Protein chains: 2
Amino acid sequence: MPLDLTPSQALGLWHAVTLQQVHEDGRDLTLRQLAILLEIYLVPPPHTVRGLAAKLGVTKPVITRALDTMGEQGLVTRMRDDRDRRNVIIKRTVDGALYLERLGDLIIARGRAQNP
Amino acid sequence: MPLDLTPSQALGLWHAVTLQQVHEDGRDLTLRQLAILLEIYLVPPPHTVRGLAAKLGVTKPVITRALDTMGEQGLVTRMRDDRDRRNVIIKRTVDGALYLERLGDLIIARGRAQNP
DNA sequence: CATTTTCGTTACGATACCGTATCGTTTCCC
DNA sequence: GGGAAACGATACGGTATCGTAACGAAAATG
C-alpha cells in the first residue's frame, strides 16, 4: 500500500501540520529533537546515545543535550545498561508516546482536510 | 481526493522525512522558520510581517528575525510597499522555490518508500 | 496641523543550541 | 594486571533564538 501523493499535497500537508504545530505545541522541539524522538519510538529498542548519533549523522553531545531537554519534559528516560555499564539505554515514556500519538492524529486530520 | 493515511503511515512518513532532513539539510531551519517559508510560498501574496505573525500566532520580532536569517540564505526577500511605506512586502526567490521543491520531492519519495 | 495609531525594526538580558575538546568510568585486549 | 579503547557526559566559547519593551517612520484621525 504505497503512499502516493502529489507535490501539492506533500507540501500542503507539511504546511498545515507545521503551522498547527507552531501554533499549539508549547514544547517547541528542534528538528533534531523530533527526529530523535521519532527514532526512539518507531524503531525497536534498544537505543543508545552512540547509536542515535550514528543514525542521525550528528555528534554524541547533540544526542546527550537533546535527551537532557526531552528528559526534563518527560518525553524520554535514561537508564544505565547493567550488562555493559558504559552504555545508557534510552527508554520510552507514557508522555512521549502520547505526544507522538497526538502528532500522528494531527497529521492524519490535516491530511484528510487537505483535499476534501 | 482526500489524503487518507493510517497512524503508522503518518508517523512513519514524518520519521523518514525528518531523518533525512537532519541528515542532509545544511540549512537547519527552525520549525517556525519552515512554517513561515511554507506560508510565503503556498499562500497567495502579499505577505507582511504583521500578517505572518498573526497567521502563525507569534510576535512580530520572531518574524523579523526569521526573515533576517532566511534572507541571508537567499530563501526570501523583502521590499518596502510603495503604496503604504510602513509595510514591508515579503517576496519569494528562486532559491526558496527550489528549496521547497526539493522538500516536496523528498516527502513524495519517502511516502512512496514508506509502504512499498 | 497636531496627535494618535500602525508597522516593522532594534535593544536588551536570558536561554538554548552548536562544535570541538576533554573527562571519568567501564570494558576489552595483550 | 596494566594500557588502550569505547561510551556517555561535561566544559568551553560562540552563535542564534527567545520575549518584552522601546524606537523611528509613515499614515490616519480629528
Side-chain angles (χ1 to χ4, degrees), chain A residues 18-19 21-40 45-92, chain B residues 18-19 21-40 45-92:
Chain A
T18 303
L19 214 60
Q21 192 88 324
V22 167
H23 223 233
E24 307 191 343
D25 189 2
R27 272 181 232 265
D28 200 29
L29 294 187
T30 300
L31 188 69
R32 289 176 164 185
Q33 292 171 342
L34 180 58
I36 294 172
L37 200 62
L38 284 164
E39 181 74 20
I40 294 171
H47 298 286
T48 65
V49 172
R50 184 187 97 270
L52 291 173
K55 183 67 172 288
L56 298 210
V58 299
T59 59
K60 288 186 294 176
V62 168
I63 305 294
T64 296
R65 276 189 296 254
L67 293 179
D68 287 345
T69 301
M70 294 192 293
E72 289 175 3
Q73 302 187 12
L75 296 177
V76 294
T77 316
R78 277 179 281 193
M79 286 187 53
R80 273 235 113 81
D81 183 359
D82 277 329
R83 306 198 188 283
D84 184 340
R85 299 189 49 76
R86 288 174 302 182
N87 291 343
V88 162
I89 306 295
I90 291 96
K91 299 226 158 192
R92 303 167 184 171
Chain B
T18 303
L19 214 60
Q21 191 89 321
V22 167
H23 234 139
E24 307 189 344
D25 189 2
R27 271 180 231 267
D28 199 29
L29 294 187
T30 300
L31 188 69
R32 288 176 165 186
Q33 291 171 342
L34 180 59
I36 293 172
L37 200 63
L38 284 164
E39 181 74 18
I40 293 171
H47 297 286
T48 65
V49 172
R50 177 175 166 63
L52 291 173
K55 183 66 173 287
L56 299 210
V58 299
T59 60
K60 289 186 293 176
V62 168
I63 305 295
T64 296
R65 276 188 297 253
L67 293 178
D68 286 345
T69 301
M70 294 192 293
E72 289 175 5
Q73 302 187 13
L75 296 177
V76 296
T77 316
R78 276 181 280 193
M79 287 186 53
R80 272 236 114 81
D81 183 359
D82 277 329
R83 307 199 188 283
D84 184 340
R85 298 189 51 76
R86 288 173 301 182
N87 291 343
V88 162
I89 306 295
I90 291 97
K91 299 226 159 194
R92 304 167 183 170

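Below, chain A is the first sequence line, B the second, and so on; all start at residue 1. Quantities reported herein were computed from a predicted structural model and do not represent experimental measurements.
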Only residue of B/Gln33, B/Met70, B/His47, B/Lys91 satisfying side-chain contact (heavy atoms from CB on, under 4.5 Å) with B/Val76 is B/Met70

With side chains defined as the heavy atoms from C-beta onward, is the minimum distance between [X] and [Y] less than 4.5 Å?
| X | Y | answer |
| --- | --- | --- |
| A/Leu29 | A/Leu75 | yes |
| B/Leu19 | A/Leu56 | yes |
| B/Val22 | A/Lys55 | no |
| A/Leu67 | A/Ile40 | yes |
| B/Val62 | B/Thr59 | yes |

Report the distance from atom [atom1] of [X] to atom [atom2] of [N], rounded to the nearest whole Å.
| X | N | atom1 | atom2 | result |
| --- | --- | --- | --- | --- |
| A/Asp82 | C/dT26 | CG | P | 12 Å |
| B/Ile89 | C/dC7 | CD1 | P | 12 Å |
| A/Glu72 | C/dT15 | CD | P | 13 Å |
| A/Arg86 | C/dT26 | CZ | P | 11 Å |
| B/Lys60 | C/dC7 | NZ | P | 7 Å |
| A/Leu67 | C/dA16 | CG | C1' | 15 Å |
| B/Arg78 | C/dC7 | CZ | P | 17 Å |
| B/Asp28 | C/dC18 | CG | C1' | 9 Å |

Among [options], find the nucleotide with the atom closest to the side chain of [X].
| X | options | answer |
| --- | --- | --- |
| A/Pro61 | C/dC7, C/dC17, C/dT20 | C/dT20 |
| B/Thr48 | C/dA11, C/dG8, C/dG19 | C/dG8 |
| A/Thr59 | C/dC28, C/dG19, C/dG8 | C/dG19 |

Between A/Asp81 and B/Ile63, name the one whose nearest nucleotide on DNA chain C is closer to the 5' end.
B/Ile63

Comparing A/Arg83 and A/Thr69 on DNA chain C - which has the more 5′ nearest nucleotide
A/Thr69

Bounded by its outermost nucleotides with an atom under 4.0 Å from a heavy atom of chain A, the footprint on DNA chain D reads D/dA6 to D/dT10

By the 4.0 Å heavy-atom rule, please label B/Arg65 as base, sugar-phosphate, or nothing.
base

Compare side-chain N and O positions of A/Arg80 against OP1 and OP2 of C/dT27 and report whether any pair is under 4.0 Å apart.
no

At under 4.0 Å, does any side-chain N or O of A/Gln33 touch on OP1 or OP2 of C/dC17?
yes

Is a donor on one side and an acceptor on the other found under 3.5 Å between the side chain of A/Arg78 and the backbone of A/Ile89?
no

